[in-house]
Chemist: 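I have a structure I would like to understand better, so I am pasting it below and will then ask my questions one at a time.
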Amino acid sequence: EADIYQTPRYLVIGTGKKITLECSQTMGHDKMYWYQQDPGMELHLIHYSYGVNSTEKGDLSSESTVSRIRTEHFPLTLESARPSHTSQYLCASTGETQYFGPGTRLLVL
Amino acid sequence: AQSVTQLDSQVPVFEEAPVELRCNYSSSVSVYLFWYVQYPNQGLQLLLKYLSGSTLVKGINGFEAEFNKSQTSFHLRKPSVHISDTAEYFCAVRGITGTYKYIFGTGTRLKVLA
């Protein structure tokens, strides 16, 4: 069982609000990732980190930002949420294998 | 760079029948291969992985996959499916060298019919 957690699991919020999606793992993994996934669709890498103070943008352009101040914590922030941000956001961390959190399903009204 | 192709977007199959979900990949370097399952409103759960050694890999829930280097394939199989196997299945690759980016296929929706 992978020890990777995401909060909140579900979030409904109005346009223009600032939101932070939390992701934490207790496996001591250096490498962490954020994916965006629309229902029934493929995963798109939006951010990744190979360690503390290291963050990179992924293959899909995203208006979100991330930070990596501690190894176990990799939060994703949207400064001003829009309806186009409605999606599922999956956090993952990697040792030998990539493990996923349960996801945050975001709805922006 | 790597790419993954899952040719079947949906696979309907009757309960207790066998199933094969196809995955082909391309890569200029050697790769690790993975299959993940995703149930509704959940994250991805690792089913099995190929890192090295035997090309036939057994995973959880009775699934297995065979790595075929010459055909660049990693098809997932189960001899007898259950209703509870209904889910989305993703094949993924990662280069042994280079970046630690995982490349995912577009997914195959397995629907098991009673």
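Here the structure is a predicted model, which is why all the values come from computation and not from measurement.
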Chemist: I'd like to check A:Gln98 versus B:Arg94 (side-chain heavy atoms, cut-off strictly below 4.5 Å). Are they in contact?
Modeler: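 Counting from C-beta outward, A:Gln98 and B:Arg94 never come under 4.5 Å.
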Chemist: Consider only side-chain heavy atoms of I, L, V, M, F, W and Y, link residues closer than 4.5 Å, and tell whether B:Ile83 and B:Val19 are in one cluster.
Modeler: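 Cluster IDs for B:Ile83 and B:Val19 match.
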Chemist: Under 4.5 Å from any heavy atom of chain A, what part of B:Gln6 do you find: side chain, backbone, both or neither?
Modeler: neither
Chemist: More than 12 non-hydrogen atoms from neighbouring residues, nucleotides or ligands closer than 6.0 Å to CD1 on A:Ile69, yes or no?
Modeler: no
Chemist: Give a yes or no answer on whether the side chain of A:Arg9 reaches the backbone of B:Asn41 with a donor-acceptor pair at less than 3.5 Å.
Modeler: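 Yes, because the side chain of A:Arg9 sits within donor-acceptor range (under 3.5 Å) of the backbone of B:Asn41.
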Chemist: Hydrophobic clusters here meaning ILVMFWY residues chained together by side-chain heavy-atom distances under 4.5 Å, can you tell me if A:Leu78 and A:Leu60 are in one?
Modeler: yes
Chemist: Which region of A:Thr94, side chain (C-beta onward) or backbone (N, CA, C, O), has a non-hydrogen atom less than 4.5 Å from a non-hydrogen atom of chain B, or is it both or neither?
Modeler: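 The answer is the side chain of A:Thr94.
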Chemist: Locate the shortest heavy-atom distance separating A:Tyr50 from B:Lys101; write the atom from each residue and the value.
Modeler: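 Nearest heavy atoms, A:Tyr50 then B:Lys101: OH-N, 3.9 Å.
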Chemist: Please classify the contact of B:Leu44 with chain A as side chain, backbone, both or neither, using a heavy-atom distance under 4.5 Å.
Modeler: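 Contact with chain A involves both backbone and side-chain atoms of B:Leu44.
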Chemist: Spell out, yes or no, whether A:Leu43 and A:Ile46 are grouped together once hydrophobic residues are joined by side-chain heavy atoms under 4.5 Å, including indirect joins.
Modeler: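 A:Leu43 and A:Ile46: separate clusters.
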Chemist: Same cluster or not: A:Tyr99 versus B:Tyr50, using hydrophobic residues (I, L, V, M, F, W, Y) connected whenever any side-chain heavy atoms lie under 4.5 Å apart?
Modeler: no
Chemist: Under a 4.5 Å cutoff for heavy-atom pairs, which residue among A:Pro102, A:Cys91, A:Pro39 has the most contacts with chain B?
Modeler: A:Pro102
Chemist: Kindly say whether A:Leu45 contributes a backbone atom to a donor-acceptor pair with the side chain of B:Tyr102 at under 3.5 angstrom?
Modeler: no
Chemist: In Å and rounded to the nearest 0.5 Å, what is the CZ to CD distance from A:Phe100 to B:Gln42?
Modeler: 13.5 Å
Chemist: Mind checking whether B:Tyr100 and A:Tyr48 have side chains closer than 4.5 Å, heavy atoms only?
Modeler: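 They are not in side-chain contact.
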Chemist: Using non-hydrogen atoms only, which part of A:Gln6 is less than 4.5 Å away from chain B: side chain, backbone, both, or neither?
Modeler: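 The answer is neither part of A:Gln6.
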Chemist: Please look at B:Tyr36 and chain A and tell me whether the side chain, the backbone, both or neither of the residue comes under 4.5 angstrom of a heavy atom of that chain.
Modeler: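 It is the side chain, since no backbone atom gets that close.
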Chemist: If two hydrophobic side chains count as joined below 4.5 Å and joins carry through other members, does B:Phe14 share a cluster with B:Val81?
Modeler: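 No.
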Chemist: Nearest heavy-atom pair of A:Met41 and B:Phe90: which atoms, and what distance?
Modeler: O-CZ, 3.7 Å
Chemist: Starting at CD1 of B:Ile103, measure out to CG of A:Asp59 and round the result to the nearest 0.5 Å.
Modeler: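 The CD1 atom of B:Ile103 sits 6.0 Å away from the CG atom of A:Asp59.
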Chemist: Please examine the side chains of A:Leu90 and B:Gln38, heavy atoms only from C-beta on, and report whether any two atoms are closer than 4.5 Å.
Modeler: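 Yes, at least one pair of side-chain atoms sits under 4.5 Å.
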Chemist: State, to 0.1 Å, how close A:Glu96 and B:Lys49 come at their nearest heavy-atom pair, and which atoms those are.
Modeler: OE1-NZ, 3.1 Å
Chemist: Answer with side chain, backbone, both or neither: which region of A:Gln88 has an atom nearer than 4.5 Å to a non-hydrogen atom of chain B?
Modeler: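 The side chain, not the backbone.
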Chemist: Measure centre to centre between the rings of A:Tyr35 and B:Phe104, then say whether the value is under 6.0 Å.
Modeler: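 Yes: the rings meet the under 6.0 Å criterion.
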